[in-house]
Amino acid sequence: MFNLEKLNAKQREAVTTLGGPVLVFAGAGSGKTRVLTYKIAYLVTEVGLPPENILAVTFTNKAASEMKERVQHLLPEIDTGRMNVGTFHSISARLLRREIHRIGYTPDFTIYDQADSRLLVKQVINGFSLDLKQYDPGSIQTLISRLKNNLESPDSFREAGSGYRDKIIGNIFQQYQETLKENNAVDFDDLLLLPLLIFEKFPERRQVYQQQFQYVLVDEYQDTNRPQFEFVHALSSEHREICVVGDDDQSIYGWRGADIRNILDFEDAFGESKLIKLEQNYRSTKTILEAAHAVITKNVHRKEKKLWTENSDGRKITVLENNSERHEAGTLVSALRWNDGREYKLSDYVVLYRTNAQSRPLEDEFRKSGIPYIIVGGVKFYDRKEIKDVLAYLRVLVNPLDSISLERIINFPPRKLGRTTIDRLKALAADENIPLYEAIPKAAKAGAGIRQQKALAGFYHLMKDLRKRLQECTADDLIRLLIERLELENYYLEQAANDGVERWSNIIELVSSVSEFQENNPEKGIKEFLEEVSLLTDIDRWNDSTRAVTMMTLHSVKGLEFPVVFIVGLEEGLFPLQRSSEDDKELEEERRLFYVGITRAREKVYLSYARTRRRYGGEALEMMPSQFIGDIPAELLDIRMTRTSRRFSDERNPRKVYLPKPSAVKSTKVTQINEGEFVFHKLFGKGRVVEVRGSGEEAKLTIAFTGGVVKKLIAKYANLRRLSKY
DNA sequence: TAAGGGCTGATTTTT
DNA sequence: TCAGCCCTTA
């Protein structure tokens with residue numbers, strides 16, 4: 001229950017200090033989440049502030065719901081559902097749904113992800129008849145995003161710019177922004193910028209929100225960018241009731257526009273403030289903290305502080321030296337097996353790497369060894385083509401002005417509306433100055449000079465019909481109806497390409513996630529589902545209750561903790577990255593990233609590197625161990641030289657097959673399985689049951705897995721998970 | 001218009 | 001290695 005005695009003196013000070021801005025420097029593992037939750041509880045019970053008047057910004061949605069839960073636990077009698085807790089992006093999205101009509105969008109606006117934005121940039125570049133090689137959509141999109149994060153407009157950029165190219169890019173920027181609006185769409189940056197625009201144009205709206213959010217709390221403040229700072233500032237600079245929590249040593253998003261000055265110059269921006277430092281660490285061993293400190297103090301630009309702990313010395317940090325990236329994966333698996341069942345469960349481990357591409361050799365080895373693992377991030381479910389296609393239908397149903405999504409689906413599944421027809425349709429829309437969607441019925445009429453009238457009319461009627469159901473149907477009914485109408489099952493399963501089965505089972509998974517959403521949020525609809533999907537962070541999609549080893553990038557692991565941490569690929573050029581090691585500022589950020597990695601560990605850290613590494617599957621490059629290993633005092637390290645001759649993952653060198661203990665893998669007992677059902681197998685992945693012999697757990701199943709692998713398995717041992725029927 | 005084959009360039013990190 | 005792009009062919 002809520003009791004301030006449970007806090008240390010500094011934490012208590014952070015919780016109870018009110019009446020002006022508070023900046024909490026919270027070192028890794030110093031209990032900052034505790035401080036934030038207690039502070040909210042304190043505001044509600046001691047200050048009497050209604051929960052709906054509190055705004056708390058977190059870095060992930062997962063952190064937001066955890067925070068709500070923890071407050072609920074402290075104060076069972078209050079309704080935490082009324083609190084405003086979320087990421088900057090989700091809070092802004094919610095605000096925009098209510099306010100965006102003031103600046104010429106409708107509340108049905110679509111949120112474009114990076115891929116959508118890039119497509120739009122590409123269209124704009126094409127529209128200007130520019131060469132895509134000279135004007136690369138990807139890099140121009142990155143540039144536009146950076147400009148927006150610096151609060152620059154096309155005009156200010158063109159003025160500041162020097163040459164011809166800058167003028168052109170300014171034009172692309174402007175056209176991009178205008179087209180977004182025509183599409184009734186916003187990109188990730190707009191989510192932060194448009195509320196600022198509304199506050200500026202309608203000061204009375206700003207006042208409304210200032211009054212609503214009487215106390216503002218921000219977590220991970222060191223990673224806020226300029227628009228986020230402006231947002232917080234706009235809301236709280238009048239009442240000055242704000243508390244931000246952060247750690248300059250953990251600032252790792254500089255490349256995304258995060259401005260470390262936000263935290264270092266906090267007092268300049270908000271006026272006289274209380275500064276509180278939390279330096280007692282409750283998470284890690286002394287060894288881990290000492291190592292982390294030795295590394296981070298190499299940074300010149302940081303506030304002086306030193307974490308300390310009452311925890312034990314703990315074990316030394318193990319350094320694993322390997323021949324190659326495959327060897328590294330093998331060593332990792334051995335280390336896991338060595339520990340497994342003795343002290344730790346699989347979910348106690350996290351494997352961290354600098355780049356997503358590094359997960360591949362690890363995955364191969366884990367799969368071979370039968371060790372369950374989960375990857376956070378990487379190629380995302382919602383980025384898969386088949387998923388984006390279906391989502392694009394839903395988006396157009398909600399927002400027909402979204403021409404990016406419309407173009408995506410107009411010929412999916414193929415209905416003979418190819419390049420030519422789409423170009424003519426676009427020309428018609430441009431001539432008549434109407435949205436693409438409205439051009440479809442016109443084009444479908446005789447005399448418009450477009451051949452594929454029937455196909456166009458068919459598509460239009462389909463959409464019109466589905467749109468009628470939008471109001472009356474639940475979200476999951478709508479998506480089922482859609483899939484039926486599109487005959488997607490036939491489309492995927494009859495495809496010659498052998499990934500049809502996998503694609504179809506992904507669609508089924510999408511349907512069940514809509515169902516789940518609808519179940520959890522009976523009052524919400526497809527619109528809210530789409531919003532949630534586009535604003536989920538990688539961590540939000542992670543199910544940490546699974547009995548499996550987790551793998552993710554060092555960026556994703558921020559804010560989390562694990563008993564055992566492996567950091568792999570510690571080689572010069574990879575971590576730190578080549579391009580970052582050439583610039584002092586960037587090298588400092590790499591170092592902070594390493595610091596974040598080490599300080600996630602409660603008990604044990606493994607650092608690993610490979611003497612050679614293959615990139616792009618090409619030749620193996622000679623690598624040098626990362627300087628970060630050398631920065632750690634030798635007495636904290638236990639260096640394991642592995643035998644140089646042994647080759648891992650070698651067919652001629654078979655190893656014992658790892659059999660998970662019954663308790664290690666929780667199987668959802670699949671009682672009766674029928675032909676045609678989709679199942680998931682730990683080793684082989686997704687598959688379709690093509691034959692069943694016998695019944696119950698003795699049944700012999702023939703399963704066609706994705707990638708063309710066909711296996712005969714006995715139901716009892718196969719440990720299958722059923723992919724829900726749609 | 002659809003589909004398949006071959007070529008090329010990419011790996012930082014993410015809402 | 002591999003995904004995305006362009007080109008060819010049916």
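On a predicted model such as this, the values are computed, not experimentally measured, just so you know. A, B, ... follow the sequence lines: proteins, then strands. Residue 1 opens every chain.
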Check your understanding: Between B:dT15 atom C1' and A:Asp383 atom CG, what is the distance in whole Å?
Key -> 12 Å
Study note, to complete from the structure: In short, A:Arg226 meets A:Asn149 closest at the heavy-atom pair CB-O, 3.4 Å
Review point. Strictly under 6.0 Å, is that where the ring centroids of A:Tyr349 and A:Phe562 end up?
Key: no
Practice item. Scan A:Asn411 against the nucleic acid and name what it touches under 4.0 Å (heavy atoms): base, sugar-phosphate only, or nothing. Key: sugar-phosphate
Point to revise | Spacing of A:Arg360 atom CZ relative to B:dT11 atom C1', expressed in whole Å | key: 13 Å
Revision key, fill the gap. Considering only heavy side-chain atoms of A:Tyr616, the closest of B:dT14, C:dC5, B:dA10 is B:dA10
Review point. Which part of the nucleic acid, if any, lies within reach of A:Gln114 when heavy atoms closer than 4.0 Å are counted: base, sugar-phosphate only, or nothing?
Key: base
Check your understanding: Is there aromatic stacking of A:Trp255 against B:dT13, centre distance under 5.5 Å, plane angle under 30°?
Key -> yes
Practice item. Could you check how far CG of A:Asp136 sits from C1' of C:dG4, rounded to whole Å? Key: 13 Å
Review point. With a non-hydrogen cut-off below 4.0 angstrom, is A:Thr60 in contact with a base, only sugar-phosphate, or nothing?
Key: nothing
Check your understanding: Does a side-chain N-to-carboxylate-O contact under 4.0 Å join A:Lys385 and A:Asp389?
Key -> yes
Check your understanding: Does B:dT12 have OP1 or OP2 sitting under 4.0 Å from an N or O in the side chain of A:Arg579?
Key -> yes
Study note, to complete from the structure: Whole-Å distance, A:Asn61 CG to B:dT14 P, equals 16 Å
Check your understanding: Do A:Phe231 and A:Tyr209 have ring centroids that are under 6.0 Å from one another?
Key -> no
Review point. How is A:Ser556 classified with respect to the nucleic acid when contacts are heavy atoms under 4.0 Å: base, sugar-phosphate, or nothing?
Key: sugar-phosphate
Exercise for review: Go through B:dT15, B:dT1, C:dT1 for me and flag the one nearest to the A:Lys416 side chain.
Suggested key: B:dT1
Exercise for review: With heavy atoms under 4.0 Å as the rule, sort A:Ser534 into base, sugar-phosphate or nothing.
Suggested key: nothing
Review point. Are A:Phe88 and A:Phe188 close enough that their ring centres sit under 6.0 Å apart?
Key: no
Review point. Relative to the 5' end of DNA chain B, which residue comes earlier, A:Arg615 or A:Gly418, by the nucleotide with the nearest heavy atom?
Key: A:Gly418
Study note, to complete from the structure: Assign each of A:Leu574 and A:Thr553 the nucleotide of DNA chain B bearing its closest heavy atom; nearer the 5' end lies the nucleotide of A:Leu574
Point to revise | Below 4.0 Å: OP1/OP2 of B:dT13 and any side-chain N or O of A:Asn356 | key: yes
Point to revise | Interatomic distance where CG belongs to A:Asp364 and C1' belongs to C:dC2 [whole Å] | key: 14 Å
Point to revise | Same-atom distance (P) from C:dG4 to B:dT13, integer angstrom | key: 15 Å
